[in-house]
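Note that the structure is predicted; figures quoted are calculated from it, not measured. All heavy atoms count here, side chains included; hydrogens, waters and symmetry mates do not.
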Amino acid sequence: MAKINKNFENLVPSYLFAETAKKTNDYIKAHPDKKVIKLGIGDVTLPLAPIVVDAMKKGCDELGHKETFKGYPDYEGYAFVREAVAGYYKSFGVTVSPDEIMINDGAKSDAGNFTDIFSEENVVLVTDPVYPVYVDTNIMGGRKIIYADCTEENGFCAVPDKNVHADLIYLCSPNNPTGSCLNRDQLRAWVDYALENKAVIFFDAAYEAFITEDNIPRSIFEIEGARKCAVEMCSLSKTAGFTGTRCGYTVIPHELEVEGVNVYKRWYRRQSTKFNGVSYPVQCAAAAVFSQEGLKQIKENLSYYQENAKIIAGTMNELGIKFTGGVNSPYIWFKCPDNMGSWDFFDYMLDNIQVVGTPGEGFGENGKGWFRLTAFGDRNNTIEAMERFKKLIKG
């Protein structure tokens, strides 16, 4: 008789963003005359950069001719894309080899799948609040999960506890959901902890392109020793608007080993069995992102979202509301007024000003009473949403 994976029964009934989407859609159906502004999910709103579109079209055209047709891509991604990514790292002082880079369909996939090559006996450490994928993936795998507290008192930047042992560690900086960032000393503390515990860090750098301050590392490999204990995942979803196009990359240093097993080789073995790669036109588009003109064009889009973040952060400052993020990050994480619960505040905003955000409670226990807004919305809608927000809070 077939048996189901009962670990799924330990998951919360509904994925956070599915629940907020259902509540929002139900409201829209019941109030078709109301304009609802969505600043909840971290989805981009600007179109792909022109050079990216041209590269994708060219890739499609090449597939239409026998001389340039491509079938299955290399499992690790085409060399021209990996070389472009390596060049990008070099631009901010980090050396990684093209043959340490694997192209994927977005950071979420690898963040969720990388534990395939690790035993279910590993103890997993995540921060709280946390991006739900890190937790749900390991619940599905039956692993023990422990939490490092991110709170208002520590600026939502957890520090490692030497009295606690973990084998696999998930870190995200700039952080989703809180917008907080680990500085060099804080990230070095985690690298030292991992080395001491013979642990592996899964470092999610999906928002590195938003970093503007010098003391915030854009890659964990800026920290000495990280190549012996870390894997870095990044995505073009936010960097270049690939949320619907799907492309990212993971960096696995060749010297990283666990119990004498080379992690890159083991992951390659997994990928060659379960993943057939990213399409040729999308990889052409990805390579164009890292060209000189590509970086110039995507910077314009990033600046647009950074200005949105300033608008939201400026509103919080004007109203005297405590928050993190908004600098080095497209997320603003703020304390709900009048000690309201985050789900109550979600309903309150939706009902009164038709603005949608994300309840902090959905990201963990320490998210209770906190709320996330995203800077990825349309500029005019962002301005309008903040005007509505001011009236609501002042009223």
Side-chain angles (χ1 to χ4, degrees), residues 38-56 81 84-94 106-108 131 172-182 203-220 222 232-249 282 285-315 323-333 372-383 385-386:
K38 300 178 183 179
L39 299 180
I41 191 168
D43 197 2
V44 296
T45 51
L46 293 177
L48 296 170
I51 192 172
V52 171
V53 175
D54 290 342
M56 191 179 300
V81 191
V85 174
Y88 177 64
Y89 271 92
K90 188 175 181 180
S91 72
F92 52 86
V94 176
K108 184 176 183 179
Y131 183 42
C172 179
S173 179
N175 185 264
N176 180 9
T178 67
S180 60
C181 299
L182 296 171
F203 189 75
D204 188 342
Y207 302 95
E208 59 81 20
F210 287 87
I211 293 174
T212 57
E213 296 179 330
D214 292 338
N215 195 38
I216 307 300
R218 293 177 63 176
S219 167
I220 195 171
E222 295 181 38
E232 181 162 291
M233 302 160 185
C234 199
S235 170
L236 296 184
S237 288
K238 308 310 191 298
T239 301
F242 276 48
T243 51
T245 310
R246 310 309 307 146
C247 193
Y249 49 90
V282 169
V289 168
F290 299 111
S291 67
Q292 185 175 358
E293 179 60 26
L295 291 173
K296 177 183 175 182
Q297 290 183 12
I298 67 168
K299 186 177 181 180
E300 294 175 3
N301 284 8
L302 290 169
S303 297
Y304 180 95
Y305 297 132
Q306 288 167 329
E307 183 60 30
N308 282 352
K310 288 180 181 178
I311 291 168
I312 299 172
T315 299
F323 72 96
T324 59
V327 178
N328 304 311
S329 169
Y331 296 120
I332 289 82
W333 175 260
R372 191 193 79 172
L373 292 178
T374 171
F376 289 117
D378 170 81
R379 172 66 49 75
N380 291 333
N381 282 344
T382 299
I383 293 172
M386 289 304 96

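The two residues Asn380 and Asp378 come nearest to each other via the heavy atoms N-OD2, 3.0 Å. The two residues Thr374 and Gly42 make their nearest non-hydrogen contact at OG1-CA, 4.0 Å. Ser329 and Gly179 make their closest contact through OG-CA, 3.2 Å (heavy atoms, listed as atom of the first residue, atom of the second, distance). Between Ala385 and Leu39, the shortest heavy-atom contact is CB-CD1, 3.8 Å. Annotation for Asn328 and Pro174: closest pair O-CG, 3.1 Å, computed over non-hydrogen atoms. The two atoms that bring Thr212 and Val327 nearest to each other are OG1-CG1, 4.3 Å, heavy atoms only.
Here the side chain of Ser173 pairs a donor or acceptor atom with the backbone of Leu182 at under 3.5 angstrom. Panel note: side chain Thr324, backbone Thr178; a donor-acceptor pair is recorded below 3.5 Å. Of the possible donor and acceptor atoms, none in the side chain of Asp204 sits under 3.5 Å from a partner among the backbone N and O of Cys172. Between the side chain of Thr45 and the backbone N or O of Phe376, at least one donor-acceptor pair lies under 3.5 Å. Although no hydrogens or angles enter the test, the distance criterion places no donor-acceptor pair under 3.5 Å between the side chain of Asn301 and the main chain of Ala49. A donor-acceptor pair is defined here as one N or O able to donate and one able to accept, closer than 3.5 Å; no such pair exists between the side chain of Ser291 and the backbone of Ala287.
One finds the CG atom of Leu295 at 10.0 Å from the OG1 atom of Thr239 (value rounded to the nearest 0.5 Å). From Met386, atom CE reaches atom CG of Asn381 across 11.0 Å, with rounding to the nearest 0.5 Å. Going from atom CD1 of Ile216 over to atom CZ of Phe210 covers 15.5 Å, rounded to the nearest 0.5 Å. In this structure, CD on Glu307 lies 8.5 Å from CD1 on Ile383, to the nearest 0.5 angstrom. Atoms OG1 and CG, from Thr243 and Leu48 in turn, are 8.0 Å apart once rounded to the nearest 0.5 Å.
Using cut-offs of 30° and 60° on the angle between ring planes, the pair Tyr249 and Phe290 is perpendicular. Ring-plane geometry between Phe92 and Tyr88 is classed as perpendicular, the angle between the planes exceeding 60 degrees on a 0 to 90 degree scale with a lower cut at 30.
Checked against Gln297 for a side-chain hydrogen bond (donor to acceptor under 3.5 Å, both in side chains), the options Glu293, Glu300, Lys299 give a single hit: Glu293.
Put simply, the side chain of Val52 reaches to within 4.5 Å of the side chain of Val289, judged on heavy atoms. Side-chain contact check for Lys238 versus Tyr305: every heavy-atom pair is 4.5 Å or farther apart. Between Arg379 and Ile311, the closest side-chain pair of non-hydrogen atoms falls below 4.5 Å. Between Arg246 and Ser237 the shortest side-chain heavy-atom distance falls below 4.5 Å. Proximity of Ser219 to Glu232: side-chain heavy atoms (C-beta onward) are separated by under 4.5 Å at one or more points. Contact annotation: the side chain of Asn175 approaches that of Pro177 to within less than 4.5 Å [non-hydrogen atoms, C-beta and beyond].
Under the rule for a side chain to side chain donor-acceptor pair (under 3.5 Å), the partners of Asn176 that lie at least two apart in sequence or sit in another chain are Tyr207, Arg372.
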